Amino acid sequence: MFRLEENSKVISMGDYNDNPTNKSMKLLTKKRNPYPANFINQMSPLFKKGIGSLAFNDQWFLFDQFLTSPGWENNLNLKIIGAMVFNPFF
C-alpha cells in the first residue's frame with residue numbers, strides 16, 4: 001500500500017478479478033487513519049444496482065474496477081462524472 005498526498009489525482013482501472021465488495025477492494029477503499037486519502041471505487045454504485053461485466057452460474061460479477069483518488073473531487077478543471085458498463089441494447 002502506498003500513501004497518497006491529499007490532492008493527488010490518481011486513476012487505477014482494470015480487471016482486479018474481484019467485485020467491489022470483496023476484501024481486496026475494501027482494503028483499497030476503506031477509511032484508514034492516519035492516511036488522508038483513500039481510493040473511491042466508481043463502480044460500487046453500479047454493483048449495488050446489480051450491474052455486472054461478466055456472468056457465471058447465473059450470477060453477475062463486476063471485476064472491472066475504476067478507482068480514483070479523492071483529489072479528483074476538488075479539481076475545478078477535470079471531473080470524474082461517473083462510470084458505466086458497456087451494455088448495448090442488442
Side-chain angles (χ1 to χ4, degrees):
M1 185 55 67
F2 61 92
R3 185 178 214 160
L4 295 176
E5 299 233 1
E6 197 164 348
N7 291 316
S8 63
K9 291 159 193 69
V10 177
I11 296 175
S12 177
M13 59 187 194
D15 182 346
Y16 280 77
N17 213 33
D18 275 330
N19 287 313
T21 54
N22 288 121
K23 184 178 180 180
S24 63
M25 298 312 301
K26 289 194 177 274
L27 179 67
L28 293 171
T29 59
K30 77 176 186 177
K31 303 296 180 208
R32 297 177 302 282
N33 289 323
Y35 301 112
N38 301 285
F39 285 110
I40 300 158
N41 192 337
Q42 302 293 331
M43 302 302 271
S44 288
L46 297 174
F47 190 66
K48 288 178 183 175
K49 292 179 183 176
I51 296 172
S53 56
L54 69 107
F56 179 72
N57 285 341
D58 294 327
Q59 183 178 355
W60 279 108
F61 295 89
L62 188 55
F63 288 174
D64 302 301
Q65 307 300 328
F66 183 17
L67 306 174
T68 58
S69 62
W72 285 99
E73 295 178 343
N74 301 325
N75 191 320
L76 299 176
N77 298 318
L78 296 171
K79 297 266 186 218
I80 303 293
I81 58 172
M84 296 177 7
V85 172
F86 181 67
N87 185 12
F89 69 94
F90 55 88

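It should be emphasised that the depicted structure is a prediction, and the values quoted were computed from it without experimental measurement.
Qualifying side-chain hydrogen bond (donor to acceptor under 3.5 Å, both in side chains) partners for T21, counting only residues two or more places apart in sequence or in other chains: none. Partners of D18 according to the side-chain hydrogen bond (donor to acceptor under 3.5 Å, both in side chains) rule, which considers only residues two or more places apart in sequence or in another chain, are S24. Every residue was checked against the ring-ring contact (aromatic ring centres under 6.0 Å, His included) condition with F66, not counting sequence neighbours, and none meets it.
Atom CH2 of residue W72 and atom CD1 of residue I80 lie 5.0 Å apart, to the nearest 0.5 angstrom. Taking CG of N19 as the start and NZ of K26 as the end, the distance is 11.0 Å to the nearest 0.5 Å.
Counting side-chain heavy-atom gaps under 4.5 Å among Ile, Leu, Val, Met, Phe, Trp and Tyr, the cluster of F56 also holds L54, F61, F63. Taking Ile, Leu, Val, Met, Phe, Trp and Tyr as hydrophobic and joining them when side-chain heavy atoms fall under 4.5 Å apart, one finds I40 isolated, its cluster having no other members. W60 forms part of no hydrophobic cluster, judged by ILVMFWY side-chain heavy-atom separations under 4.5 Å.
Connection of M25 to M13 is not established within any shared hydrophobic cluster, with ILVMFWY side chains joined at heavy-atom distances below 4.5 Å, either directly or through further cluster members. Cluster annotation: L78 is connected to I11 through the hydrophobic network of ILVMFWY side chains, with a link wherever side-chain heavy atoms come within less than 4.5 Å.
When side chains are defined from C-beta on, M43 counts as touching V85, because their heavy atoms get closer than 4.5 Å. Side-chain contact between N87 and I51: absent, with no pair of heavy atoms (C-beta onward) separated by less than 4.5 Å.
A donor-acceptor contact shorter than 3.5 Å is absent between the side chain of N38 and the backbone of T29.
Identified under the side chain to side chain donor-acceptor pair (under 3.5 Å) test for residues 41-57, with sequence neighbours left out: N41-Q65, Q42-T68, S53-D64.
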Side chain to side chain contact (heavy atoms under 4.5 Å, CB included) between N22 and Y16, intermediate numbers included: CA-CA 10 Å; N22 288 121; Y16 280 77; over 6 Å; no
